[in-house]
Every structure is written in C-alpha cells, then in structure tokens.
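In what follows, every chain begins at residue 1, and chains take the letters A, B, ... in the order their sequences are listed.
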Amino acid sequence: MQELLPFITSKINDILSGLPFFWPEVFLSVLFLVVLITGIIFRRNAAAICRIVSVLGMLFIISLDVPQLFIDPVTVLPLFSGMLTLTHTATVFKLAIDVISILLLFYFAWDKQLRAHKKGLGDLYTITIASILGLHLMVMATDLLSVYLSIEFVSLASYLMVGYKSEQGFSASAGLKYVLFGAAASAVMLYGISLLYAFTGHTYLGPQFSQGLEKLNGLSVSFALVLLMAGIGFKLSFVPMHFWVPDVYQGAATPVTAYLSTLPKIAAFGMLLHLLSPFMQSFTWAGFDFQLFFSVIGLITMVAGNFAAVMQQNVKRMLAYSSIGHTGFALIAIVTYSPAAQSALVFYLSVYALANIGALILASYFANVTGAENVDGYKGLGFKLPAASVCFVIILISLTGLPVTAGFIGKVLIFQAAYSNYQQIHNVWLMALMGTGALTTVVALFYYIKIPLYLFLRKADDNHDYHVSNQSLLVAVILISVLLVGLGLFPDYLMKWL
Amino acid sequence: MNILTILIFIPVLFALIIWAMPSAWRGSFKFITLAATLIQLGLALFIYFHFKTGTAFGGINQEAQYQFVQKTHWINLALSGNTKLQIDYFVGIDGISLAMVVMSSLVMVIAALASWEIKSNLKGFFILFLVLDMAVIGVFCALDFFLFYLFYELMLLPLYFLIGMWGGVRREYAAIKFFLYTLFGSVFMLLVMIGLYLSVQDPATGNHTFNMLTMMNPANYIPGSIFDNVNQFMLFGVHARTLGFIILFIAFAIKVPVVPFHTWLPDAHVEAPTPVSIILAGVLLKIGGYGIIRICAGIFPDVALSGAYWIGLLGVISILYGALNALAQRDLKRLIAYSSISHMGFVLLGIASLTPEGIGGAMMQMVSHGFLSSMLFFLVGVVYNRVHDRDIYSFRGLSTLMPRYTVFIMIAFFASLGLPGFSAFVAEAFSLAGAFKSFTFNGLLPQWLAVCGVIGILLSAAYFLWTLQRMFFGKVLLKGGEVWQLALTDLNIRETLTLLPLALLAFGLGIMPAVVFDNVNDSVLAMVHFTTHFMTK
C-alpha cells in the first residue's frame with residue numbers, strides 16, 4: 001500500500017486532466033439518470049416525456065461533441081492513463097453514433113408493436129441512453145479492460161432492448177439466443193484478454209503491448225488474438241460469429257433491429273480500428289497476419305451473407321443477412337487500414353446505417369398498415385402506398401450500391417482506398433476482396449429487387465384500401481430517401497465533417 | 001447555360017411537371033412527354049446544324065477539339081491522408097457523339113408516339129420514360145468516366161420497371177435477367193474505372209482524374225501504376241491493360257450485344273412493351289457500340305489493336321448466329337430481336353477493322369439501325385395492338401387488309417436487309433469494305449472475315465423476304481378468322497405520322513449518306529489516326 005502513495009497525486013492529476021475531453025460521456029451519464037428519474041416521476045406520460053428529454057439531451061451531447069472535431073486531427077489524447085484515447089477518428093465515430101441515435105429515438109415511438117407494450121417505453125429510452133454511453137466508450141477504448149467493459153456495457157443494454165418485446169415464442173427465443181450467444185462470446189473474449197495480459201503484462205494497447213507479443217510463440221499469440229476477435233466478431237457479426245443475427249433481427253421489435261444493425265456495428269468498427277493500430281503501425285510485427293485474417297473473414301462473410309439472403313422470404317431476416325454482407329464489405333477498409341480507408345469506412349457505415357434504418361422503418365410501416373411481414377404480403381402495395389414504395393426502391397438501391405445514391409459513393413470510396421493500397425503493396429487478397437465485393441453487389445441486387453418486384457410488378461390478391469393514421473414513419477423515410485439521393489449527387493456535404 | 005446540359009436535363013424537368021400534375025389529367029401525360037422529346041429533338045438538330053466540321057474538330061483525344069463543352073467542378077472529397085477524390089461535370093461532343101445524340105433524340109420521339117398504347121399507370125410510365133431519356137443522352141455526352149458510369153447505371157432501374165410492369169407474359173423474368181446481366185458487366189467496369197483513375201494524373205494539376213481524354217494519352221499514366229503501359233503490370237498472369245480492356249469490352253459487349261453475351265436480348269425485347277422495345281433496340285444497343293469506340297478503343301488502343309482479330313471474329317459470329325436464329329423464329333418480335341443482334345455484328349466488324357471506312361460504316365449502321373429497328377418494332381406493335389398475336393403463322397395475306405401498312409413494312413424489311421438506295425446498304429457496304437481493306441491497310445483482319453459477313457446479308461434477305469411472303473402476300477387467312485379481319489384496320493393518322501419520317505429518313509440517308517458522314521468523318525479519321533499511332537510501336 002505504501003509503495004502506491006507517490007503515484008496517487010499523478011493518477012489524480014491524470015484523471016482530472018482527462019475530464020475536459022470527457023464531457024459528452026459525463027453528460028450522457030447525467031442524461032441517463034435524468035431520463036430514468038423522469039420515467040419514474042411521470043407515470044402516465046412517461047413515454048412521451050422521456051422521449052422529449054432524451055432527444056433534447058442527445059442534441060446537447062452533439063453540441064458537446066462538435067468542438068472535439070476541431071482538435072487537430074494528428075493529436076492523440078490518452079485519457080485516464082490510457083484507458084480511453086480521443087482521436088479524430090473516434091470523435092467522428094461518436095458524432096455519427098449520436099446523430100443516428102436521435103433518428104432511432106424518434107423511431108421507437110412509431111412502431112405499433114413496441115407502442116403496445118404493457119409497461120410503456122420510458123425504460124427503453126433509459127436503456128438506449130445507457131447503451132449510447134457504452135458505444136462512446138467502445139469507440140474510445142484502447143485498453144483491454146476498457147474494451148471488455150464497454151462491449152459488456154453495450155451487450156447488456158442490447159439484451160434488455162431485444163427482450164423488451166418478448167410475448168410470442170419467436171421473440172422470446174430470439175432474446176434468449178442473443179443472451180446466451182453473447183455471454184459465450186464475451187466469455188471467450190475475456191479468456192483471450194486474460195491470455196494476452198498474461199503474455200505481456202500490459203493491458204494498454206500501445207507499442208509495448210505489440211513488442212511484448214512479438215517475443216512469444218506465434219501460435220499461442222495467434223490463439224489469444226483469435227479469441228479476442230471472437231468477441232469483436234460477435235458485435236460486428238462476421239462469419240463465424242454471425243449465427244445469432246437472422247433470428248435476433250427477426251424476433252426483436254423492428255426499431256430494436258434498427259438499433260442493433262447500425263450502432264453497435266459502427267462502434268465495433270471504430271473499436272477495431274483502435275485495437276489494430278499498435279499492430280498495423282509497428283514495422284516489426286510479424287506474428288499474426290491481421291490482413292490475411294480479415295481478408296479471409298471478409299471474403300467468407302460477404303459471400304455467406306449475400307448468398308444466404310437470396311433465399312429469405314421474411315423482410316427483416318433478409319435485411320439481417322444483407323447486413324452481414326455489408327459487414328463483409330466494410331472489412332475491406334479494415335484490411336486496407338490507410339487513413340483514406342478510415343474516412344471511407346466512416347462514410348460507408350453512416351450511409352449504410354441511414355439506408356438500413358430507412359429500410360426497417362419501411363418494414364415497420366408496411367407491417368403497421370397491412371400486417372405484412374413476408375415479401376409475399378407486399379404484393380401490389382406499390383399502387384396503394386406509392387410514396388412509401390418509391391422510397392423503398394430508393395433506399396434499396398442505396399443498399400445495393402447503385403448510382404445515383406450515397407451507397408454507391410461509399411462503395412467507390414472503399415474501392416478507391418483498397419486500390420491505392422494495392423498499388424503500393426500488391427497484396428493479392430485485396431484484389432480478391434474487390435472482385436468479390438463487385439460480384440456480391442450483383443447478388444445483392446437480386447434479393448434487394450425482390451421487394452420492388454412484389455410492390456410494383458405483382459398485382460394484389462384482394463382490393464383492400466389502406467388507411468394510414470400516423471404518417472410520421474413516411475415523413476422520416478421520405479427525408480432519408482431525399483438525403484440518400486442528395487448525398488449521392490453531392491457527397492461533399494457529408495465528407496466535410498468526416 | 002450550356003446547350004448540352006439543357007439537352008440532357010430537359011426530360012427531367014418535364015418528368016417533374018408530370019409528377020406534380022394530378023392523376024385526373026392523365027390524358028395529357030403523353031402529350032407532355034411528346035413535347036419534351038420534340039423539344040429535345042429541336043435542340044439536337046440545332047446542335048447538328050451548328051456543329052463545325054474540319055480537321056480541327058476531330059475530337060477523340062483532344063479536349064480542345066470537342067464542341068459545346070462544359071466542365072465544372074462537381075465532387076471534391078478530401079479524404080484524410082491527403083487523398084482527394086475529384087470529379088468534374090464534363091460534357092462535350094465530337095462527330096461520334098453527335099450522330100448518336102441526334103439519332104437518340106429522334107428515336108425518343110418515335111417511342112413517345114408509340115406510348116399511346118400504354119393504358120395503365122401512366123404517371124409512372126412517363127416519369128420513368130423521361131428519366132431513361134435523360135440517362136441515355138447523358139451517356140453520349142459525358143466525357144468524365146464517373147459521370148458516364150452514373151448515366152450508364154441510371155438507365156438500368158427505369159428499364160427494369162418499364163419492362164417488368166408494362167411488358168408481356170414473361171416480363172418479370174425478362175426484366176430481372178436484363179438487370180442482372182447488365183449490372184454484372186458494369187460492376188466490373190467500376191473496378192476498372194477506379195483503377196484507371198488511380199493510374200492517371202492530370203498534367204495541369206497533378207491530381208488523379210476521371211477525365212476520359214486524359215486517360216487516352218499514354219503520357220499521363222503514373223509510372224508503376226496498374227494500367228501503366230511502360231512497366232507492364234501483371235495481374236493473375238495476364239497483362240493488366242489486357243485484363244482491363246477485356247472487362248470493359250465484356251461490359252459493352254453485353255449491351256451491343258455480342259454473341260455469346262446476347263441471351264438477355266430476345267427476352268427483354270420481346271417482353272417489353274412497344275415503346276420500350278423501340279428504345280432498347282434503337283438506342284441502348286448503340287450505347288454498347290459507342291462505349292467500345294470511345295472507351296475500349298480510346299483508352300486501350302494498344303490492346304484494341306492486338307485483339308482486333310478476335311473482336312472482328314466475334315462480330316462475324318454475331319452476324320451469322322443472329323441471322324440463323326432469326327431464320328428459325330415464329331414470333332415476329334423475336335425475329336426482329338435476333339436480326340438486331342445480326343445487324344449490330346456489322347458495327348463490331350467495322351470497329352474491329354480500325355479503318356476509316358470500317359468505323360464510318362459502323363457509325364452509319366448504328367444510326368441507320370436505330371431508325372430501322374424503331375420502325376420494325378413499331379410495325380410489330382401495330383399488329384399486336386390490334387389482335388394480340390405476333391406469331392408469323394397466324395397471318396396470311398395481310399396486304400389485302402392493310403395496304404398502307406404493307407407498304408411501310410416492305411420499306412422497313414427491304415431497308416433492313418440492305419437493299420441499295422436505303423441507309424443500311426451504305427452502312428453494311430462501308431463496314432464490309434473497311435473489314436476487307438483492313439488486311440492491306442493495317443493488317444488487322446483477314447479478308448475471309450469480310451466474306452463471311454457478306455453471307456449475313458444473304459441470310460437477312462432470306463428471313464425478311466420469307467416473312468414478308470408468309471405474312472403479307474397470298475390469300476387472306478387469319479387464325480382469328482372474322483374477329484381478326486374486323487380488328488385489323490389499316491394505319492391511323494398517328495401511326496402513319498410516326499412511320500413516314502422514318503421511311504423518308506431510311507431512304508434519304510441511303511441516297512444522301514453525306515448527312516451523317518460529313519459530320520462523323522473528322523472524328524472517324526481522328527480515331528484511325530489515333531490508333532495507327534499506337535501501331536507503329
């Protein structure tokens with residue numbers, strides 16, 4: 001105990017100096033408590049008031065995030081003796097997460113199935129704010145302990161969100177599958193983390209960490225790193241940690257699916273960029289070939305996700321497999337790992353998140369109005385609900401990656417980053433990844449176009465007339481479609497911020 | 001305001017007008033579309049009459065020689081790590097684009113007139129029609145590869161819906177087959193496009209650029225880049241430039257279409273409604289030919305020279321295979337679809353020869369086939385609208401029932417098979433002359449290829465004349481009997497007004513081909529000069 005006394009002053013100074021860069025997270029915790037208490041105080045209108053409070057709170061948090069953008073991009077600020085690090089990439093990821101979370105906070109109240117929940121949505125908002133705090137921590141984590149802590153933070157919040165709607169058999173089993181699979185993945189990751197700590201004696205992911213690992217037996221180091229990647233793979237849903245995705249996405253309430261398919265993925269990619277930096281930036285690292293690892297995983301994930309989606313009839317399940325395919329494509333940027341690739345990755349993920357949320361909002365819309373969960377049920381709806389159907393076409397074109405939408409620009413940026421890298425290092429895996437990315441775009445078109453096929457090319461069986469009471473979903477989706485086409489024509493406006 | 005930009009985007013303006021109009025006024029949508037296409041034709045003719053000819057306006061790889069140019073900064077993405085993505089809005093035309101633009105504008109007017117038969121979901125149809133119109137004209141005018149690719153892909157989605165919603169019995173299958181097939185080609189074109197972007201640098205600014213004209217100049221390639229022609233880069237055991245050319249050629253060969261990438265065409269053309277078939281056959285096929293000239297031969301002339309024999313061979317195979325298939329058809333529309341494949345084979349043969357006559361003939365064939373195939377598909381549509389049957393064996397002796405129709409179909413058939421006095425004769429004669437001459441001019445194509453091509457003319461005479469005899473001459477004998485006899489009225493005023501200009505053009509271009517050749521000639525000569533420059537190496 002006595003030997004720690006000289007370190008106490010420096011540690012406390014460390015913590016206090018890190019606080020000014022930690023304001024968004026501090027205020028997120030405060031917001032969490034505020035929303036929690038609001039939910040308890042206002043029993044009757046809990047959902048509406050909690051929603052207003054959380055949205056206003058998130059807007060305030062964004063205003064705290066924005067000044068961090070203007071810190072010089074080269075500076076790397078370790079906070080709290082290296083547990084978290086604030087870099088420009090981390091700030092951009094945080095901003096993307098916050099903006100998308102506002103969209104999701106609005107979306108929660110528009111889904112009929114969630115709204116019909118007995119207990120009301122107040123708690124859901126609380127859990128979401130807590131998960132956003134976890135996502136922020138994930139993006140900034142550079143210590144093995146903070147990596148594990150933040151992943152668990154987000155996982156716990158996600159388990160609760162998935163379990164929020166679990167009356168019927170399928171939803172309940174989906175929630176349980178998620179918890180069990182997630183717990184197993186976390187356990188495996190923790191084992192990997194403990195091995196890595198045992199190997200190096202450090203938990204901070206800095207140059208000493210990678211140097212410590214270099215001195216050891218390649219096989220044991222690879223084993224430990226693969227176990228660590230298992231936990232990250234669970235959040236990113238790459239093969240072989242993707243088996244939970246279709247059932248959970250289908251069983252959870254659609255807004256929760258929208259959350260799961262976007263925010264944790266974005267945060268996990270941000271975390272992966274930080275995790276890999278000591279290895280990719282060291283010139284002497286020859287242990288575990290991360291590029292080869294992620295190339296193979298990326299290839300298999302792209303192929304598995306896209307080809308499996310072809311056979312799906314349920315809209316949410318198809319979108320789940322397609323999100324696995326998108327993860328595979330985004331891994332091309334991880335394999336490339338240049339600064340250009342990192343910007344391209346953020347653009348691609350933001351645009352993908354926007355389009356995916358739009359697609360799920362439309363799935364909600366069609367389920368609300370017509371009760372259709374399978375593509376079959378969309379027959380002929382293009383003529384009865386024209387605005388929603390046209391927006392669906394635009395959003396699906398963006399997900400496929402065809403001009404003139406933002407999804408195409410995202411693909412071009414990632415291809416361009418991969419190509420420049422290829423010209424320098426001539427890694428044949430990059431060529432294979434790009435070719436597979438192109439090929440799976442064609443496969444993706446086949447299943448994405450199934451929805452417009454049923455909407456416009458098939459005639460409805462009966463002559464129902466549909467009356468839509470709440471148009472907020474449609475308004476949100478029209479805004480998203482306009483934004484996607486606008487960004488497809490003038491991507492400068494988004495790229496400026498990234 | 002640049003006239004090309006107005007020409008490209010005017011259909012979108014009219015599409016917005018149609019979108020804003022209430023459904024109660026749906027009777028006016030076809031007139032609005034017709035007005036849009038007529039205005040576009042007017043602008044195209046204005047450009048045609050103000051187009052300057054002469055050796056100083058050849059174009060091809062000289063940016064200063066293009067006319068009606070507009071180049072503005074469009075996308076300027078600054079990625080971290082000092083990488084930039086800079087894309088310009090760069091449009092301009094030379095002789096080759098001019099012929100295509102004027103022809104497309106006219107075909108669009110014909111297609112708009114043919115759209116009278118569409119009865120359901122008019123708003124959607126005409127909006128998609130006008131978006132397709134914009135994309136098509138944009139493809140021919142774009143000189144920036146990214147812009148070209150954008151317009152090229154933008155054609156696919158409206159066509160999917162146009163075929164899939166208003167088409168025939170197997171429309172869903174035809175639409176998705178067309179979409180997937182064409183997307184397969186173009187998605188790999190995207191990879192080559194980005195590779196080319198990273199391989200060239202703008203001599204003025206030193207940045208990478210998508211400017212097609214910069215890519216045509218070998219001096220602009222960065223040493224050590226993928227498509228550099230000095231240090232031959234190998235990719236999967238093949239020279240990178242050869243691989244790039246093959247990928248681009250496959251993408252455009254799917255569009256032309258070249259056998260064996262043609263299997264989407266019979267389904268798409270047959271199942272599409274008449275106006276869409278007219279656009280498909282009249283314009284879209286030419287985009288493939290234009291792409292091969294402008295992009296494949298322009299950016300990779302070295303590979304085009306070494307591969308000229310194979311391209312010529314594919315052209316001859318298309319001519320013969322398409323014609324033989326047409327000979328076996330019962331469905332009139334399918335016969336015309338296969339004849340399109342056959343006639344586009346002449347285009348490929350002409351381009352492969354890389355002689356002035358060959359490329360000039362290819363250009364003429366593209367223009368002539370544009371008009372003639374529009375005429376043929378329109379004529380098929382006339383009968384189909386009346387009795388909903390296209391089978392050749394269902395009709396006999398139609399000349400007695402519909403004499404005016406017979407006159408037009410005789411003109412169309414005789415023009416298509418290459419009767420002297422009509423435009424297709426000039427086109428096919430020049431293509432074959434170029435192919436024949438190529439042996440002595442640049443040593444690229446053997447002479448027997450041209451001889452085989454001539455057999456194609458004989459075969460097209462066979463299937464056209466046989467169809468003419470079976471369907472039109474002889475005693476009246478109809479499958480539907482009395483009902484059909486009453487339904488098969490002769491051409492009405494709208495149909496005559498549509499067909500008359502086409503017939504006159506087919507005849508006019510046949511006796512005065514200078515109308516096309518005068519404007520195209522400088523660019524064709526510039527193209528030949530440009531490629532011969534690579535042969536001396």
Examine whether an atom of [X] lies under 4.5 Å from a heavy atom of chain A, and if so say whether it belongs to the side chain, the backbone or both; otherwise answer neither.
{"X": "B:L156", "result": "neither"}
{"X": "B:F151", "result": "neither"}
{"X": "B:I75", "result": "both"}
{"X": "B:I194", "result": "both"}
{"X": "B:F146", "result": "side chain"}

Give, for atom [atom1] of [X] and atom [atom2] of [Y], the distance between the pair rounded to the nearest 0.5 Å.
{"X": "A:D492", "Y": "B:W74", "atom1": "CG", "atom2": "CH2", "answer": "10.0 Å"}
{"X": "A:Y419", "Y": "B:I226", "atom1": "OH", "atom2": "CD1", "answer": "4.5 Å"}
{"X": "B:M193", "Y": "A:Q416", "atom1": "CE", "atom2": "CD", "answer": "10.5 Å"}
{"X": "B:E172", "Y": "A:I449", "atom1": "CD", "atom2": "CD1", "answer": "12.0 Å"}
{"X": "B:L183", "Y": "A:T400", "atom1": "CG", "atom2": "OG1", "answer": "8.5 Å"}
{"X": "A:L453", "Y": "B:F161", "atom1": "CG", "atom2": "CZ", "answer": "9.0 Å"}

**OP:** Kindly give the heavy-atom pair with the smallest separation between B:G164 and A:L457, and that separation in Å.
**Re:**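 Heavy atoms only, the tightest pair is O-CG, 3.3 Å.
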Original post:
Relative to chain B, which of A:K496, A:Q424, A:Q423, A:M434 shows the most heavy atom pairs under 4.5 Å?
Top reply: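 Between A:K496, A:Q424, A:Q423, A:M434, the count favours A:Q423.
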